[in-house]
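What follows is one structure encoded as structure tokens, with my remarks underneath.
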Amino acid sequence: MMDFSLNEEQEMFRNYVRKCLNEAGQTMVAREFTCGNTSEFIKLQKKLAELGCTGITISEEYGGLGLGALDLVPVLEEFGRAVLPGAYLETMAFVVPLLEKYGTREQKETYLPEIAAGTRSFSIAWVEPNKSYDPDVIECQAVTKGSSLVINGVKTLVPDGNQVESLLLIVRTDEGGNGDGLSLVLIDVNEVTDMKTLSSMDETRNVTEITLENVEVPMARVIGEVNQGWNVLKEGLLYLHAATSSMLVGSMDHIVEMSSEYAKIREQFGQPIGRFQAIKHRIVDMKLDLETARSLSHYANWALDTNQQDKEAAIYSARTFATEANIRLASHNIQNHGGIGFTMEMDCHLFLKRARFYENYMGSISQFREDVSKGLGWSYEKPRFQLTSK
Amino acid sequence: MMDFSLNEEQEMFRNYVRKCLNEAGQTMVAREFTCGNTSEFIKLQKKLAELGCTGITISEEYGGLGLGALDLVPVLEEFGRAVLPGAYLETMAFVVPLLEKYGTREQKETYLPEIAAGTRSFSIAWVEPNKSYDPDVIECQAVTKGSSLVINGVKTLVPDGNQVESLLLIVRTDEGGNGDGLSLVLIDVNEVTDMKTLSSMDETRNVTEITLENVEVPMARVIGEVNQGWNVLKEGLLYLHAATSSMLVGSMDHIVEMSSEYAKIREQFGQPIGRFQAIKHRIVDMKLDLETARSLSHYANWALDTNQQDKEAAIYSARTFATEANIRLASHNIQNHGGIGFTMEMDCHLFLKRARFYENYMGSISQFREDVSKGLGWSYEKPRFQLTSK
Amino acid sequence: MDFSFTKKEERFRLELRNWLEENLPTSWPKEEEAYISFLKNWQRTLAEGGWAGITWPEKYGGRNATLMQEIIYHQEMVRADAPPSINYVGIHMVGPTLMQIGTEEQKERFIKKLLTGEEIWCQGYSEPNAGSDLSAIKTSALKDGDRWLINGQKVWTSYGHIADRCFLLARTSQVPGKKHKGITVFLLDMNQPGVEVRPIVQLDGRQEFNEVYLTDAVCSDADIVGEVDKGWQVMISLMLHERAGIGAEVFTLEKQFNNLVAMTKEYKVDGKSLIEDANIRQKMADLYARSRGAILNYYRNLTNTLKNGQPGPESSIDKLLVSELTKEMLEFAVSIQGPHGILWKEDAPINSRWQEKYLYSYGTTIGGGTSEIQRNTIGERVLGLPKDLRA
Amino acid sequence: MDFSFTKKEERFRLELRNWLEENLPTSWPKEEEAYISFLKNWQRTLAEGGWAGITWPEKYGGRNATLMQEIIYHQEMVRADAPPSINYVGIHMVGPTLMQIGTEEQKERFIKKLLTGEEIWCQGYSEPNAGSDLSAIKTSALKDGDRWLINGQKVWTSYGHIADRCFLLARTSQVPGKKHKGITVFLLDMNQPGVEVRPIVQLDGRQEFNEVYLTDAVCSDADIVGEVDKGWQVMISLMLHERAGIGAEVFTLEKQFNNLVAMTKEYKVDGKSLIEDANIRQKMADLYARSRGAILNYYRNLTNTLKNGQPGPESSIDKLLVSELTKEMLEFAVSIQGPHGILWKEDAPINSRWQEKYLYSYGTTIGGGTSEIQRNTIGERVLGLPKDLRA
């Protein structure tokens with residue numbers, strides 16, 4: 001029967017997570033994190049793991065709950081509400097589904113139980129300095145040496161590289177074109193030759209750059225087939241972007257709440273400012289954006305779980321809409337708050353910076369739109385990789 | 001000394017024109033025209049010619065006033081305010097400057113005095129069925145036969161073809177590429193084999209389609225060099241688009257006035273609706289668009305008159321901005337008026353339809369933006385012709 | 001979360017689809033008078049097939065359809081491009097209201113005839129000075145012996161020129177400072193000397209709406225719905241009968257978008273399809289996301305309606321999104337047709353009435369509550385923001 | 001219409017340009033304290049060169065500059081990337097006001113020192129509950145013998161942490177229903193125990209603004225500007241001294257756009273310049289049109305100012321357009337830098353502080369009157385639309 005809402009268990013899980021985040025002080029964890037104080041975040045991570053957050057999409061055989069993308073949705077929305085730091089997204093909505101589908105028995109046994117227990121998380125090392133996400137510009141190289149791979153290269157914009165234990169690394173193992181010749185390698189952070197943390201506008205997520213100099217790892221670390229990494233990665237991106245949309249929806253939810261509440265209590269000219277249509281109607285438009293993003297992201301995750309034909313279009317639609325809407329909302333939120341919105345004191349800025357973090361994260365808006373177009377069969381040409389969002 | 005306003009003579013001329021249009025009933029002339037009653041328009045044309053409108057940019061030697069593009073501005077703004085029908089724009093701001101610059105003595109003597117007297121006007125026959133404005137898709141052909149040209153082909157979207165005496169026709173005289181092989185020919189409407197009037201959304205301007213079957217005209221009708229028509233035409237377009245911008249500004253001026261006045265008197269919930277910020281702020285944004293378009297178009301015409309280095313960028317900036325803003329304003333104007341704005345009774349619809357008429361008139365927004373880019377030296381490649389506005 | 005229909009629902013869909021295949025008229029007359037009788041015929045055909053008033057109880061000729069069946073009904077009607085209902089006001093508003101609070105005599109007199117289209121109804125709400133603010137109506141009804149004399153002017157009356165009866169709001173008393181009080185609902189006979197109907201020409205050239213001038217038009221006590229002076233409540237409860245809300249508009253938006261995709265593939269300039277232009281694809285992907293979002297929002301609100309039993313103020317979200325998006329989409333459709341897009345009707349570059357639909361779309365953000373009013377409703381009733389100051 | 005400057009004006013430009021070439025500091029200290037003394041030095045250098053307070057009469061150290069010369073001054077300062085004026089409030093607001101309505105003693109005490117930067121001024125207008133609505137200020141000044149005791153809180157006080165004096169609005173009496181009455185302007189000494197200054201950290205991490213807490217801060221009668229209770233008029237007339245309006249912002253916008261063009265040419269991803277992307281060129285052409293429009297509007301308004309002698313409410317148009325466009329332009333600049341655009345300061349993909357400027361731009365549509373207030377002003381004072389309802 002048609003029922004377009006999260007089920008009771010999912011809503012109940014949301015409540016547990018929200019309670020846990022509220023007890024941790026909601027955005028306070030992110031605020032502390034931006035000041036370099038990660039202890040609150042680490043404590044919270046443990047609690048969330050105890051709740052079961054880190055096992056949702058992992059099969060029961062490896063210590064998880066064996067649930068789907070839709071079950072992640074309430075958790076991700078709550079994390080987005082709290083602008084939570086950490087690589088939960090990359091771990092649970094990218095590496096886990098790939099391990100589940102393409103991992104060898106050995107890989108699964110090595111990684112999945114630790115992820116479920118909350119003792120291992122993953123980030124993604126893809127883009128290189130002055131490069132786009134185009135697969136054909138990847139230069140970081142892995143050369144076969146006996147049963148090992150020897151890796152050389154530089155990866156940048158690795159999210160939270162300094163917060164995770166492992167990385168999924170995209171390397172060139174052969175000559176390419178159209179995404180050929182790439183492989184995905186699972187490596188540990190301590191195998192990396194050098195890592196530096198870059199200054200980022202959004203300090204709730206650390207951005208790192210890693211250098212690999214003759215890093216030797218066993219061939220068994222390759223996930224999926226050698227040279228076929230691009231197709232594996234593209235499948236993982238469906239999970240990642242569906243999940244990203246949900247996290248953005250969570251942020252938007254908090255933003256609309258902030259603006260509405262402030263508009264009810266802040267007075268100017270003897271009136272709560274929410275009485276002025278300039279403010280009121282703007283918040284209404286924000287609400288419309290929020291609900292639209294929520295509908296799109298819920299459907300996207302459902303389509304992913306149930307393998308609908310339109311899943312690609314659904315996921316990238318959700319991703320583009322939520323990304324742009326989130327930036328819009330975060331900006332409006334500052335304006336609605338006036339002067340106080342321009343300060344570090346209010347949370348407004350956290351949401352704006354986070355919105356920018358995800359704008360060009362693992363793709364660009366124009367690229368995603370071409371993916372929608374492709375998903376709907378509008379164009380059969382290979383979509384050209386676009387440099388930027390606009 | 002810096003003075004960024006029209007001078008006293010120009011403002012005085014504006015007043016004469018406005019008085020004349022007011023006496024003719026302002027938009028009533030256009031309304032009658034859309035009902036097929038052209039007599040009021042013809043009467044008005046005579047009066048405007050007597051005022052000197054038809055001679056402004058024609059040199060004194062041929063019976064004109066010998067003035068420049070900036071002197072046309074107030075007249076065009078007033079015409080735009082009244083959504084005036086007719087091919088004044090094409091005649092005065094395209095054919096006249098081309099005749100003045102490229103016309104032979106004979107051509108000037110034939111056409112300019114009659115234009116100045118208001119007894120001859122011109123339209124432009126450029127685009128062909130299912131074709132864009134790309135010069136290289138032009139198929140209408142003119143073949144040399146002794147000292148004549150024999151022309152065959154179909155031209156569509158000829159504005160007011162049934163209201164003018166002559167046409168400036170763009171024909172292929174040689175093989176092309178990059179605009180080569182085209183020529184401009186001056187022909188009389190009665191030389192055309194067939195003309196039919198097409199149904200148009202904007203009935204204040206008639207749209208016609210003409211057929212030419214073995215139409216033979218003397219070689220002396222070519223304006224500018226044979227096969228070099230594209231460059232001549234592009235120069236004419238600078239005048240045409242600068243003038244179009246001014247006409248659009250006039251429409252916008254009237255629209256803002258309509259919305260403001262209505263918002264002051266129309267009451268709902270016991271309030272003039274202009275007190276509600278949804279309406280008030282929207283009209284303010286309309287006013288900003290209007291003033292920006294006016295500044296851009298004034299500068300564009302000044303830059304054209306004084307041959308500034310940035311004239312191309314200035315003209316196409318004005319054209320793109322005014323075009324899009326005019327559509328925006330015309331749409332808002334309907335919404336501001338509510339139900340009554342949706343009727344034929346109010347003038348709102350006249351401005352909307354006119355706004356759409358000029359949207360893709362003699363080019364497209366994206367093409368104009370490439371022209372700006374080229375004018376500013378951002379790209380040196382040949383700009384690709386874009387099909388559409390968006 | 002589940003997007004599938006039950007087997008019973010799918011059977012309902014199939015039944016309707018089969019019926020439509022057999023009964024749908026194949027050609028639509030263009031001439032006004034012929035078109036009206038065509039629509040009346042269609043209404044009779046629907047009623048005879050049991051496909052008018054499907055949510056009504058069987059005793060009134062309905063089939064007790066569930067909300068989901070109603071949704072399916074709208075989907076299939078849009079899918080089949082079925083003619084519009086000439087008696088929408090009668091079937092979706094007047095009928096259900098009378099069943100609930102009408103007198104037995106009113107039910108007897110009106111319900112059957114409105115189902116079959118024998119009597120066409122119109123709605124007498126808006127007035128020249130009461131548009132967004134309906135409570136400002138001035139049309140008066142004064143008791144004169146055993147009859148009521150009605151004077152005033154109504155506007156935006158759809159099908160007023162062919163309607164037999166009008167569901168009319170009139171002021172029966174003045175309560176200073178309480179404009180919502182003192183309003184009464186009358187069932188007015190349009191075929192009487194005191195009623196003059198003048199068509200309004202819309203900006204797209206069509207005439208769907210009318211002005212209705214009432215000069216000593218007559219009603220009797222028997223024509224009053226509910227109680228005297230309590231018409232505002234009648235009007236509000238009537239709105240709740242519109243359970244499926246703007247379902248038809250939502251599915252029309254969906255169809256419109258699919259038509260747009262088809263148009264960008266079919267329509268060629270310089271031998272190239274519009275969809276081959278990367279800029280157009282980008283905007284199309286954006287419109288896809290937003291129209292899907294609007295449709296999915298509608299489903300989410302439906303779920304709430306199903307769970308709560310009645311629709312909430314969220315229906316304003318659907319109305320606002322769908323109308324604004326429809327307008328934007330049609331503007332885009334005309335705009336990308338380039339210079340040829342200015343052509344109209346038979347000369348338009350592609351034969352799908354894009355130009356007419358575009359102009360008509362300007363009415364969608366005005367009629368049925370302007371976008372500004374929808375934003376107020378959402379702000380105040382969904383978000384709890386303070387109400388506008390009113391004098 | 002004429003866009004050329006007179007020969008005299010061009011000579012003035014040349015003189016300033018030459019002076020700047022010789023006197024412009026070459027390196028800016030980053031550390032806060034050093035930066036402040038750097039700015040103070042610059043202010044002294046300007047004053048010594050006769051390039052501070054150029055519109056002032058010669059007897060006060062000015063050069064009687066015309067409006068056009070003032071414009072040229074702003075153009076050249078932006079062109080040269082000159083340091084900001086640390087005493088903007090002093091020179092553009094306090095100085096001219098005192099010259100006009102200050103007592104002889106006030107002129108003697110303050111004017112010279114503010115010109116040279118010996119005394120830095122700040123502005124004590126906004127309060128936590130009086131932002132857009134300045135007339136709602138609550139900071140009170142009570143007469144206590146021959147002194148005034150001032151209590152309350154000010155906010156958004158630029159340079160408050162280094163200022164020596166404050167141009168302060170305080171309430172000296174309550175006139176029920178007339179909030180604009182009963183306000184007095186004081187020239188407050190910031191270096192006293194009753195004044196506590198706390199910096200506000202902006203979202204870009206910088207600290208330019210402050211909260212100022214006043215607890216029995218002391219002023220004397222000699223510190224009052226104009227008359228007691230008539231401070232609102234003083235404030236309004238002070239605004240008129242800002243003849244050149246937002247000239248500096250307008251020219252900064254122009255420069256910013258040129259920098260953006262340079263950035264899109266220089267910044268390469270996958271070896272391709274951003275400007276080679278057709279989508280980016282389209283948007284750049286749009287931004288060009290709109291920024292040119294904003295600049296040309298400013299010139300048109302200037303022409304009016306020159307003709308009418310004083311600026312009209314159109315200056316709100318300039319403020320609104322320039323601030324909104326600045327924000328949009330900087331957002332675009334960061335956005336097109338792609339994934340690398342999230343990087344900050346020394347790690348940012350291109351070294352022009354785009355990211356910092358972007359975040360800072362969120363203040364431009366709030367400070368100096370929010371965009372909403374500007375729209376009200378334009379609506380009411382330029383278009384004559386009805387005033388907002390106020391309680």
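Proteins come first, then strands; the chains are lettered A, B, ... in the order of their sequence lines, and each starts at number 1.
With a 4.5 angstrom heavy-atom cutoff, A:I273 does not touch chain D via any of its atoms. Contacts of D:L343 with chain A are made by both backbone and side-chain atoms, with heavy-atom separations under 4.5 Å. Residue contact with chain A, scored on non-hydrogen atoms closer than 4.5 Å, involves the side chain of D:F209 exclusively. Neither the backbone nor the side chain of A:Y361 comes within contact range of chain D; no heavy atoms are under 4.5 Å apart. If you measure heavy-atom distances from D:S371 to chain A, the contacts under 4.5 Å come from both the backbone and the side chain. D:V155 does not touch chain A: none of its heavy atoms, backbone or side chain, sits under 4.5 Å away. Contacts between D:I373 and chain A at a heavy-atom distance below 4.5 Å involve the side chain alone, from C-beta outward. The contact between A:T156 and chain D is made entirely by side chain atoms (from C-beta outward), counting heavy-atom distances below 4.5 Å. Heavy atoms of D:A348 lying under 4.5 Å from chain A are absent altogether. Neither the backbone nor the side chain of A:E209 comes within less than 4.5 Å of any heavy atom in chain D. In this structure, chain D has no heavy atom under 4.5 Å from any part of A:L350. Using a 4.5 Å cut-off between heavy atoms, A:R266 contacts chain D through its side chain alone, with no backbone atom that close. Using a 4.5 Å cut-off between heavy atoms, D:E356 makes no contact with chain A at all.
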query = Taking it one step at a time, do D:K268 and A:N130 satisfy side chain to side chain contact (heavy atoms under 4.5 Å, CB included)?
reply = CA-CA 7 Å; D:K268 288 186 168 67; A:N130 297 317; over 6 Å; no
inquiry  = Using the rule given for side chain to side chain contact (heavy atoms under 4.5 Å, CB included), can you reason through A:L157 versus D:H340, listing the C-alpha separation, both sets of side-chain angles and the distance that settles it, and then say yes or no?
reply    = CA-CA 7 Å; A:L157 302 180; D:H340 307 277; 3.7 Å; yes
task = Show your reasoning for whether side chain to side chain contact (heavy atoms under 4.5 Å, CB included) applies to D:Q355 and A:K353.
result = CA-CA 10 Å; D:Q355 282 69 19; A:K353 293 168 183 171; over 6 Å; no
task = Give the C-alpha distance, both sets of side-chain angles, the deciding distance and a yes or no for side chain to side chain contact (heavy atoms under 4.5 Å, CB included) between D:Y362 and A:H349.
result = CA-CA 10 Å; D:Y362 279 90; A:H349 71 101; over 6 Å; no
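Residues D:D388 and A:F276 are in side-chain contact: their nearest non-hydrogen atoms beyond the backbone lie under 4.5 Å apart. Residues D:L359 and A:L352 have side chains in contact (heavy-atom distance under 4.5 Å, counting atoms from C-beta outward).
When the shell of 6.0 Å around CD of D:E31 is examined, it contains more than 12 heavy atoms from other residues, nucleotides or ligands. The 12-atom threshold is exceeded at NZ of D:K357, counting heavy atoms of other residues, nucleotides or ligands nearer than 6.0 Å. Counted within 6.0 Å of CD on D:E196, heavy atoms from surrounding residues, nucleotides or ligands total more than 12; the atom is thus considered enclosed.
Of the residues considered (A:I340, A:V137, A:T343), A:T343 shows the highest number of contacts with chain D, using heavy-atom pairs under 4.5 Å. Put simply, of A:K131, A:E128, A:E267, A:M362, the one with the most heavy-atom pairs under 4.5 Å next to chain D is A:K131. Taking D:T365, D:D204, D:T370, D:I200 one by one and counting their heavy-atom pairs under 4.5 Å with chain A, the maximum is reached by D:T365. Chain D forms the most heavy-atom pairs under 4.5 Å with one residue out of A:G338, A:P129, A:G339, and that residue is A:G339. Interface remark: of the candidates D:N129, D:L203, D:V201, D:L203 forms the most heavy-atom pairs closer than 4.5 Å to chain A.
Taken from CD1 in D:I342 to CG in A:L198, the straight-line distance is 11.5 Å, to the nearest 0.5 Å. One distance of note links OG of A:S366 with CG of D:D277; it measures 7.5 Å at 0.5 Å rounding.
Not a single donor-acceptor pair under 3.5 Å links the side chain of D:Q202 to the backbone N or O of A:F342. Between the side chain of D:D347 and the backbone N or O of A:S199 there is at least one donor-acceptor pair closer than 3.5 Å.
For D:E372 and A:R282, the salt-bridge test passes: some basic side-chain N is under 4.0 Å from an acidic carboxylate O.
Counting all heavy atoms, side chain and backbone alike, A:R356 lies closest to D:Y358 at NH1-OH, 2.5 Å.
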